[in-house]
2 protein chains.
Amino acid sequence: MKKYHAKIIAFYRKAKRMPSYGEIARLLGFKSKNAAYKLVVKMVEAGLVAKDSSGKIIPKRIFGETRVLGTVEAGFPSPAEEELIDTITLDEYLIKNKEATYMLKVSGDSMIDAGIKPGDIVLVERNKPPKNGDIVIAEVDGNWTMKYLRKSGRQITLAPGNKKFKPIVPEDELNIAAVVTAVVRKY
Amino acid sequence: MKKYHAKIIAFYRKAKRMPSYGEIARLLGFKSKNAAYKLVVKMVEAGLVAKDSSGKIIPKRIFGETRVLGTVEAGFPSPAEEELIDTITLDEYLIKNKEATYMLKVSGDSMIDAGIKPGDIVLVERNKPPKNGDIVIAEVDGNWTMKYLRKSGRQITLAPGNKKFKPIVPEDELNIAAVVTAVVRKY
DNA sequence: ATTATAGGTGAACCATCGTTCACTTGTCAA
DNA sequence: TTGACAAGTGAACGATGGTTCACCTATAAT
């Protein structure tokens, strides 16, 4: 059963859709669609997949998602526990407004005390009202930067997350294009 | 045409699959499947979607993915340029070996100088041979921690990314469970 | 005024769809 | 040995799939 599951996942990854019953039969070497049908019924009962109103198979979370464990201190669960683990896609987890979200690469170390290093990717959301303390992407006097937004009364300051740099008080124009909603780093 | 595109994306997000031609017609208010068929032909020509060997519609990158811009300094492109932007899913970007990758929440600030703060999520890959300098999840003398792995000859040290903590030289047992492959932070 | 051309209608084609039913296995427990 | 049961076969059903063809507007270009 687990071997079957893996093959269906492979199909889904390649075809970007779930297979039909005939395709499952072909995939697993069954000579009858009904064998595939019964298999899918079992998988639905096991919570691995679901069916929509027209009977088509739709993938559940397990397909192409990442397992969420506890904290570092908790260590790794045993295989028996693993079945209870929650799963989620990174996109679902990190992005609320998909249409307005973009990825930007970070260069420079002006936010390093905020844990944002050069080479990191930040997810930014456009058209989001910036709040005090948010990290924003802004155009100040012709240059694009990423900084903390500090509001105190009418006064607006762009503060770096690095003691070596000085806060910027915009003179001519301040254009806040986006708010940083997440940071991502790949090793 | 853009309005149509948006509705099809919405269908895909809900149903987790691309609609059939009949469904597209219903979705867009057409009274004939053929209107949908011709629309899809245009979308294929425009590179928005593709078809597999059986004629079924498969989504292209634009569906459900995140746009990748340049660096922070480059700022935001104009709407005209946006059409040329590359897109990717975060899962594709961050995860190489899906079956062996897990998410762990970070607690404690022992890796803060490495830009990993409490509350961050780390992606860890199991069964990956750890190299010198990698950040690893390890069980040392009964406790789970996240540290830099330092090898020098036969000597193995677990070094924190925080000057306030001291490196750990494992005494009894050292069990390296996983290697950190990415860090993710949500604001 | 005439001619293209893009966008939609309506019907038809066969293949495949999901689903059901009756039947044949093999396996393991009682 | 018998019975129960899980797993696969094979055929059938109406519905829906992708595709094609002929036809019908509009709107814009010539």
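In what follows, chains carry the letters A, B, and so on, assigned in the order in which the sequence lines appear, proteins first and then strands, with residues in each chain numbered from 1.
Once rounded to the nearest 0.5 Å, the distance linking CE of B:Met111 with CG of B:Asp113 reads 9.0 Å. Once rounded to the nearest 0.5 Å, the distance linking CG of A:Asp109 with CG of A:Asp120 reads 11.5 Å.
Of the candidate nucleotides D:dG17, D:dT9, C:dT19, D:dG17 has the atom nearest to the side chain of B:Arg26. Looking at the side chain of A:Lys56, the nearest of the listed nucleotides D:dG18, C:dC17, C:dT9 is C:dC17. When distances are taken from the side chain of B:Ser20 to each of D:dT19, C:dG8, D:dG17, the shortest belongs to D:dG17. For B:Tyr37, counting side-chain heavy atoms from C-beta on, the closest listed nucleotide (D:dG18, C:dT9, D:dT9) is D:dG18. Here D:dA12 is the nucleotide among D:dG8, C:dT9, D:dA12 with the atom lying nearest to any side-chain atom of A:Lys33.
Of the candidates A:Val183, A:Leu94, A:Asp134, A:Thr181, A:Val183 is the only one forming a side-chain contact (heavy atoms from CB on, under 4.5 Å) with B:Tyr187. When each of B:Ile24, B:Ile8, B:Val44, B:Asp52 is paired with B:Ile57, the side-chain contact (heavy atoms from CB on, under 4.5 Å) condition holds for B:Ile24 and for no other.
For the pair B:Ile24 CD1 and D:dG18 C1', the interatomic distance rounds to 11 Å; values are reported in whole Å. Per the geometry, CD belonging to A:Glu23 stands 12 Å off C1' belonging to D:dG17, to the nearest Å.
Mapped onto DNA chain D by nearest heavy atom, B:Asn34 and B:Gly55 fall at different nucleotides, with B:Gly55 at the one closer to the 5' end. Nearest-nucleotide assignment on DNA chain C puts the 5′-proximal partner with B:Ser32, out of B:Ser32 and A:Asp52.
Contact between the side-chain N/O atoms of B:Lys38 and the OP1/OP2 oxygens of D:dT20 is not found at any separation under 4.0 Å.
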